[in-house]
Colleague: 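Take a look at this one; I'll ask things after.
In listed order, ligands and their atoms are each counted from 1.
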Amino acid sequence: MVVVSQPVLENFANIKTCKPTSNIFTEIPTVDLSDPDAKTLIVEACKEFGFFKLINHGVPMEFMDRLEADAMKFFNLPQPEKEKSGPPNPFGYGNKKIGPNGDVGWVEYLLFSTNPELFSQNGKFIIPGISESFWCFVNEYVSAVRNMACEVLEIIADELGIRPRNILSRLLRDEKSDSCFRLNHYPPCPELQALRGRNLIGFGDHTDPQIISIVRSNNTSGLQIALKDGTWVSVPSDHSSFFINVGDSLQVLTNGRFRSVRHRVLADGLNSRISMIFFGGPPLTEKITPLSSIMEQGEESLYNEFTWYDYKKSSYKTRLSDNRLGLFEK
Ligand SMILES: C=C1C[C@]23C[C@@]1(O)CC[C@H]2[C@@]12CC[C@H](O)[C@@](C)(C(=O)O1)[C@H]2[C@@H]3C(=O)O
Ligand SMILES: O=C(O)CCC(=O)C(=O)O
Ligand SMILES: [Fe+2]
């Protein structure tokens, strides 16, 4: 990776670029949630890729369309209007700067907590400048996607022999669940040609710290995942499906059986990309440790014991591409 030279492309100051990859992930594991074989396919995909595509998921298309339209309305506001909802701390509107430690990308975003106490107060949305309708559409979408994420986690529990089967899903349903929701807007970048064949990074490579992330985007591609051998592959977009990422916490809860997927987003030269991601996280006090019901006799945890609070605190001191889990490996 290189940093774009100054002052030629001042707009892109500090935004990284990467070599173009021609690998399209054509064999992307695709799971039909209504298929009786879904459980085997989900578990295989989580072990091999930490990633799969979900179809027939039961989340109404109107929920996605309504939210996407309101999100676009927000991102089309004049810059000073949007800035009324920022800076992110970590919740709120952010532009180019990702997290507190100097990461930047060709992206603007809104980050919300889904914890009711941090989402709204006295019937008012906690982030200023967000309309009532926008707030309702976020709520409607997040509730439906959370339910679907819980169904996936229960299927995983069944297939791995984890008892009780709601041991993972209850972490997302808990009223103190530290889940969050992100709307990302990657504006088109017509100046891309000036980068002489390199790609501009929209959202730099990273793994998600939570248990599970549910990604939905419009029909502009850009998402890439890293395979086990480190090769980057492009995920063809599909606006009616969800893409599911295993997060660091699920890697630990399964004692490394599942793999937390490294992913990134590249900017597009012509089209705007909108993505909506639900990050399913546990309550802050929850211990993130391998589930006893999957451990074989004599098997030891690969990780030192920590709570979600410890992990989150440590994560916010890291740069996006750091190996955050490495700090907790035995
Ligand atoms: C650079 C950072 C942004 C991030 C917090 C962090 O310090 C490291 C993890 C990042 C990440 C990646 C997944 C999600 O988008 C996110 C909300 C999260 O929980 O961890 C972001 C954080 C962020 O943007 O605040
Ligand atoms: O925008 C996307 O598709 C993915 C973004 C992402 O990985 C994140 O917000 O953590
Ligand atoms: Fe991510």
Colleague: Please examine the side chains of Val233 and Ile225, heavy atoms only from C-beta on, and report whether any two atoms are closer than 4.5 Å.
Modeller: yes

Colleague: Quick one: look at Val107 and ligand 2, take heavy-atom pairs under 4.0 Å, and tell me if it's side chain, backbone, both or neither.
Modeller: neither

Colleague: If I take the Fe ion (ligand 3) as the centre, what angle separates the NE2 atom of His263 from the NE2 atom of His206? Nearest 10 degrees is fine.
Modeller: 90°

Colleague: Answer side chain, backbone, both or neither: which part of Pro209 comes under 4.0 Å from ligand 1, heavy atoms only.
Modeller: side chain

Colleague: Please list the nearest protein heavy atom to atom 3 (O) of ligand 2 with its residue and the distance rounded to 0.1 Å.
Modeller: Arg273 NH1, 2.9 Å

Colleague: Tell me which protein heavy atom sits closest to atom 10 (C) of ligand 1, plus the residue, atom name and distance to 0.1 Å.
Modeller: Leu320 CD1, 3.8 Å

Colleague: Run His57 and Ser241 through side chain to side chain donor-acceptor pair (under 3.5 Å) and show every step you take.
Modeller: CA-CA 8 Å; His57 41 68; Ser241 302; 5.6 Å; no

Colleague: Starting from atom 3 (C) of ligand 1, what is the nearest protein heavy atom, named by residue and atom, and what distance separates them?
Modeller: Gly99 CA, 3.6 Å

Colleague: Quick one: does ligand 2 sit under 4.0 Å from the side chain of Tyr109, the backbone, both or neither, non-hydrogen atoms only?
Modeller: neither

Colleague: May I ask whether Phe243 places a heavy atom under 4.0 Å from ligand 2?
Modeller: no

Colleague: For the residue pair Phe242 and Tyr141, categorise the inter-ring angle as parallel (less than 30°), tilted (30 to 60°) or perpendicular (more than 60°).
Modeller: tilted

Colleague: Quick check against the 3.5 Å criterion: does Arg324 have a side-chain atom that pairs as donor or acceptor with the backbone of Leu320?
Modeller: yes

Colleague: Counting C-beta onward and ignoring hydrogens, is there a side-chain heavy-atom pair between Met148 and Val59 closer than 4.5 Å?
Modeller: yes

Colleague: For atom 4 (C) of ligand 2, what's the nearest protein heavy atom and its distance?
Modeller: Val265 CG2, 3.7 Å

Colleague: May I ask you to check whether Asp208 has an N/O atom sitting below 3.5 Å from an N/O atom of ligand 1?
Modeller: no

Colleague: Any salt bridge linking Arg173 with Glu154? Criterion: basic side-chain nitrogen under 4.0 Å from a carboxylate oxygen.
Modeller: yes

Colleague: What pair of heavy atoms forms the shortest contact from Ile288 to Ser249, and how long is it?
Modeller: CG2-O, 3.9 Å

Colleague: For Val215, counting its heavy atoms only, list the atoms of ligand 2 lying under 4.0 Å from any of them.
Modeller: 3 (O)

Colleague: Kindly assign one of parallel, tilted or perpendicular to the pair Phe243 and Phe51, based on the angle between their ring planes and the thresholds 30° and 60°.
Modeller: parallel

Colleague: Just jot down the ligand 2 atoms closer than 4.0 angstrom to any heavy atom of Phe279, in number order.
Modeller: 8 (C), 9 (O), 10 (O)

Colleague: So, is Ser315 polar-close to ligand 1, with some N/O to N/O distance under 3.5 Å?
Modeller: yes

Colleague: Is the number of heavy atoms from other residues, nucleotides or ligands within 6.0 Å of CZ (Phe306) greater than 12?
Modeller: yes

Colleague: Could you tell me whether the side chain of Thr207 and the main chain of Asp248 form a donor-acceptor pair under 3.5 Å?
Modeller: no

Colleague: In the protein, which heavy atom is nearest to atom 10 (O) of ligand 2, and how far is it?
Modeller: His206 NE2, 3.1 Å

Colleague: Would you mind listing which atoms of ligand 2 come within a distance below 4.0 Å of any non-hydrogen atom of Ser275?
Modeller: 1 (O), 2 (C), 3 (O)

Colleague: Does the pair Ile127 and Phe112 meet the rule for a side-chain contact (heavy atoms from CB on, under 4.5 Å), with working shown?
Modeller: CA-CA 8 Å; Ile127 300 174; Phe112 312 97; 3.5 Å; yes

Colleague: Check ligand 2 against His263 and write out every atom of the ligand that is under 4.0 Å from a heavy-atom position of the residue.
Modeller: 7 (O)

Colleague: I need the nearest protein heavy-atom contact for atom 12 (C) of ligand 1: residue, atom name and distance, please.
Modeller: His206 CD2, 3.7 Å

Colleague: Any idea which heavy atoms bring Thr220 and Arg273 closest together, and the distance?
Modeller: O-NE, 3.1 Å

Colleague: Return yes or no for this condition: an N or O of Arg182 is under 3.5 Å from an N or O of ligand 1.
Modeller: yes

Colleague: Looking at the Fe ion (ligand 3), which N/O/S atom of Asp208 is the nearest one?
Modeller: OD1

Colleague: Is Lys317 in contact with ligand 1, taking contact as a heavy-atom separation below 4.0 Å?
Modeller: no

Colleague: Using a 4.0 Å cutoff against the non-hydrogen atoms of Arg182, which atoms of ligand 2 qualify?
Modeller: 9 (O)

Colleague: Can you check which of Tyr316, Phe181, Phe112 brings a heavy atom nearest to atom 4 (C) of ligand 1?
Modeller: Tyr316

Colleague: Testing Lys73, Arg216, His239 one by one against Glu68 for a side-chain hydrogen bond (donor to acceptor under 3.5 Å, both in side chains), which residue passes?
Modeller: Arg216

Colleague: Around atom 1 (C) of ligand 1, find the nearest protein heavy atom and jot down its residue, atom name and distance.
Modeller: Asp103 OD2, 3.6 Å

Colleague: Please work out whether any backbone atom (N, CA, C, O) or any side-chain heavy atom from C-beta onward of Arg264 is under 4.0 Å from ligand 2, and answer side chain, backbone, both or neither.
Modeller: neither

Colleague: Considering only the protein, which heavy-atom contact is closest to atom 5 (C) of ligand 2, and what is its distance?
Modeller: Asn184 ND2, 3.4 Å

Colleague: Taking non-hydrogen atoms only, is Asp208 closer than 4.0 angstrom to ligand 2 via side chain, backbone, both or neither?
Modeller: side chain

Colleague: Assess the side chains of Asp229 and Thr231: does a donor N or O sit below 3.5 Å from an acceptor N or O?
Modeller: yes

Colleague: Any side-chain heavy atom of Gln79 within less than 4.5 Å of one from Asn95?
Modeller: yes

Colleague: Looking just at side-chain N and O atoms, do Ser240 and Asp238 make a donor-acceptor pair shorter than 3.5 Å?
Modeller: yes

Colleague: Determine whether any heavy atom of Gln210 lies closer than 4.0 Å to an atom of ligand 1.
Modeller: yes

